[in-house]
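What follows is a set of notes on a single structure, which appears directly below.
As the structure is a computational prediction, the values presented were derived from the model and not from experiment.
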Amino acid sequence: MDQQRERIQADLRGLLAGEVHCEDPFVQMYSTDASIYQVPPLGVARPRGVADVKAALLYCAENGHSVHARGAGTGLAGESLGPGLILDFSQAMRRIVNVTDDTVTIQPGVVMGQLNRYLSAFGRKFGPDPATGGVTTMGSVLALDGSGSNWLRYGSARRHVVSMQVALADGETFEAARHPVTDNPDLDPNPRRREIVRRLADLIQREDAVIKANQPRAWVNRAGYHLTDVLQDGQLDLARLLVGSEGTLALITQATLRTEPIPKSRGLVLMFFDRLEAAAQAAMEAAELKLSACDLMDRRILTLARDVDPRYAHAIPRDAEAMLMVEQQADESREVIESLQQVAIRWQRRRRLAFGFHLALAPEEFDLFRRLARRVSPTLYRVQGNERPTPFIEDVAVPPDVLPEFLVDLQNVLKNHEVTASFFAHAGHGQIHVRPFMDLSKPDHVRKMQDLATELYEKVLALGGTISGEHGCGLSRTWFVRRQFGPLYDVFREVKRIFDPQNLLNPGKVVADLPQPLTKNMRPFREDGLLVEK
């Protein structure tokens, strides 16, 4: 441990009740996440409560160190990596504070899967369902505005936030909810919050035309800051603005969220297609048919699924080029069955898009197929050869009505760069997770990443899409945010300055003076395509 980290460790251990570690093993452990990046931090603090968070932020502000909030480290874009102090909320700040009839108050380190198991005793749940919900923390769900397959029914985290307790870069704390735009202390007694709300409201009103003119047509968007719907009727919804900001504006120390009743009945129908474009055409109708979820899987995933479990092999035809997994939820099983049967009849008999289907109505069979993507994804890393599925363009989204056209564009871009890929899509709302197979030990593959991403994002933006629909910008996509938003990017920079004038909170993410290129700070890889072991 060098002298700087030794001094920081000693200083923070004298200020915080929670653990502080600047030793080499901890620095190495927290230098990576689920992304392709590696950035060694100065050290790691595990706050026990709000007092620790405030003390750590104040210390870093006084000494010019950046701060990076972290949950379970499941991020694919390097959102929680950075060279400053990591604040790990997953170790101690994981209490479920309070439950009412339709809300729950939690600390940011609560794991989403554990939260929903707890809420199930009350017949409730948190609606959005990100794929990593079994391990990801709620602070991360809020920081990235998590959603998942059931976006068509529940939307994203922004829809469910009531209020949050937050800490600014200098350690000051307040509640973020809906607040009047006012200079009157009788209407809002917190002077710092009044100033932030007033400055944000002035900015949003002044730049209203720029904000409206530079929004993607995609139904989901995680790039930039959400400014379109937060100022209404003389009030600014500070909580909704902060959700999805990737820890760059303020840190969440507590949140109150709306919960949803657990549907009494759920079911799936698997629809099989001989062409990928036919599956995309069917998925365009998912919202019109009021489905809960509509996910698209390509031939590569289906082939691996048949190898993973004989039950998948029995249900999925070998000649299926694509499959839509359609979910419906309701309180009456009859409604679920009728809805799924109508989908099957419409897409197979009337539209002649699908050639077959499989209904999964029993709870155990529903769970079996709902887990398919999560079970198969790890096997993609065990395919023969040195090339591995690489997350760097894995989060694009386009309007559902252009999804068939975009899939053609996607395949053409991959061909242009002589790259194969696997992809899984929340096709009902136009969200596509693309994982090109790359060998990152080869310099020519690494060089190819930036060009491939640039060409693909041009296609996405031309169709009214977004470079990030679910996973955030992080280190992967901040480079491209200005290209997506044009003059609105400077508005985002002003939002950042209002909250964090010293640029201490997760700098280099969402907006940056010098955003890093896509291939900077990558982890080292061996010649066989695997990570270097240290």
Item to check | Gln484 and Thr466 side chains, donor-acceptor separation under 3.5 Å | outcome: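 Gln484 and Thr466 do have a side-chain donor-acceptor pair below 3.5 Å.
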
Next on the checklist: Looking only at the side chains, is there a donor atom on one of Thr248 and Ser245 sitting less than 3.5 Å from an acceptor on the other?
Outcome noted: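 The criterion, which ignores hydrogens and geometry beyond distance, is not satisfied for Ser245 and Thr248.
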
Is a side-chain donor or acceptor of [X] paired with a backbone partner of [Y] at a separation under 3.5 angstrom?
X	Y	result
Asp298	Phe423	yes
Arg70	Ile86	no
Glu79	Gly474	no
Arg194	Asp188	yes
Arg124	Leu119	no
Thr228	His226	no
Asp129	Ser149	yes
Asp52	Arg46	no
Asp395	His471	yes
Arg240	Val230	no

Checklist entry - Which class fits the ring pair His426 and His429: parallel under 30°, tilted 30 to 60°, perpendicular over 60°? => result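 Parallel.
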
So, taking the atom named [atom1] in [X] and the one named [atom2] in [Y], what distance separates them when rounded to the nearest 0.5 Å?
X	Y	atom1	atom2	value
Ile467	Leu461	CD1	CG	7.0 Å
Arg117	Met112	CZ	CE	11.0 Å
Ile252	Leu142	CD1	CG	4.5 Å
Leu372	Ile301	CG	CD1	8.0 Å
Leu414	Thr420	CG	OG1	8.0 Å
Ile96	Gln114	CD1	CD	8.0 Å

Taking the side chain as everything from C-beta on, heavy atoms only, tell me whether [X] gets closer than 4.5 Å to [Y].
X	Y	result
Met449	Leu440	yes
Gln516	Tyr37	yes
Gln165	Glu175	yes
His417	Asp451	yes
Leu168	Ile196	yes
Lys496	Val510	no
Leu15	Leu58	no
Ile36	Pro391	yes

Residues [X] and [Y] bridged, charged N to O under 4.0 Å:
X	Y	result
Glu494	Arg497	yes
Arg493	Asp513	yes
Asp170	Arg192	yes
Arg222	Asp145	yes
Asp295	Arg370	yes
Lys509	Glu246	no
Arg477	Glu394	yes
Arg158	Asp229	yes

Checklist entry - Taking the six-membered ring of Phe437, is the NZ or CZ of Arg300 close enough (under 6.0 Å from the centre) and on axis enough (within 45°)? => result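 Yes, a cation-pi geometry holds between Arg300 and Phe437.
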
Considering all heavy atoms, the nearest [X]-[Y] contact:
X	Y	result
Cys60	Ser66	SG-O, 4.5 Å
Pro216	Gly465	CB-O, 3.5 Å
Gly71	Thr137	CA-OG1, 3.4 Å
Pro40	Val27	CB-CG1, 3.9 Å
Ala92	Pro47	CB-O, 3.4 Å
Leu505	Asp500	N-OD2, 2.8 Å

Next on the checklist: Apply side chain to side chain contact (heavy atoms under 4.5 Å, CB included) to residues Arg388 and Phe525 and explain how you reach the verdict.
Outcome noted: CA-CA 11 Å; Arg388 297 290 183 272; Phe525 287 80; over 6 Å; no

Item to check | Set of residues satisfying side chain to side chain contact (heavy atoms under 4.5 Å, CB included) with respect to Lys459, sequence neighbours excluded | outcome: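 Expected list: Asp409, Val413.
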
Next on the checklist: Let's go through Thr253 and Met93 carefully: what are the C-alpha distance in whole Å and the side-chain angles of both, what is the deciding distance for side chain to side chain contact (heavy atoms under 4.5 Å, CB included) to 0.1 Å, and is it a yes or a no?
Outcome noted: CA-CA 8 Å; Thr253 61; Met93 294 185 67; 4.3 Å; yes

Item to check | Heavy atoms of other groups near Arg482 CZ, more than 12 under 6.0 Å | outcome: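 Yes, CZ of Arg482 has more than 12 neighbouring heavy atoms, counting only those of other groups under 6.0 Å.
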
Checklist entry - Please, which pairs that meet ring pair (Phe, Tyr, Trp, His ring centres under 6.0 Å) have at least one residue in residues 478-515, sequence neighbours excluded? => result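 Applying ring pair (Phe, Tyr, Trp, His ring centres under 6.0 Å) to every pair that reaches into residues 478-515, excluding sequence neighbours, yields Tyr225-Phe492, Tyr457-Phe480, Phe485-Phe492.
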
Checklist entry - In a check of side-chain contact (heavy atoms from CB on, under 4.5 Å) between Val67 and each of Leu504, Asn506, Leu251, which one passes? => result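 Running side-chain contact (heavy atoms from CB on, under 4.5 Å) over Leu504, Asn506, Leu251 with Val67 returns exactly one hit, Leu251.
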
Item to check | Step-by-step side chain to side chain contact (heavy atoms under 4.5 Å, CB included) determination, Phe126 to Val141 | outcome: CA-CA 11 Å; Phe126 179 70; Val141 172; 3.9 Å; yes

Checklist entry - Would Gln91 and Glu19 count as a side chain to side chain contact (heavy atoms under 4.5 Å, CB included) if you check the C-alpha gap in whole Å, the side-chain angles of each, and the deciding distance to 0.1 Å? => result CA-CA 9 Å; Gln91 299 296 313; Glu19 301 175 35; 5.7 Å; no

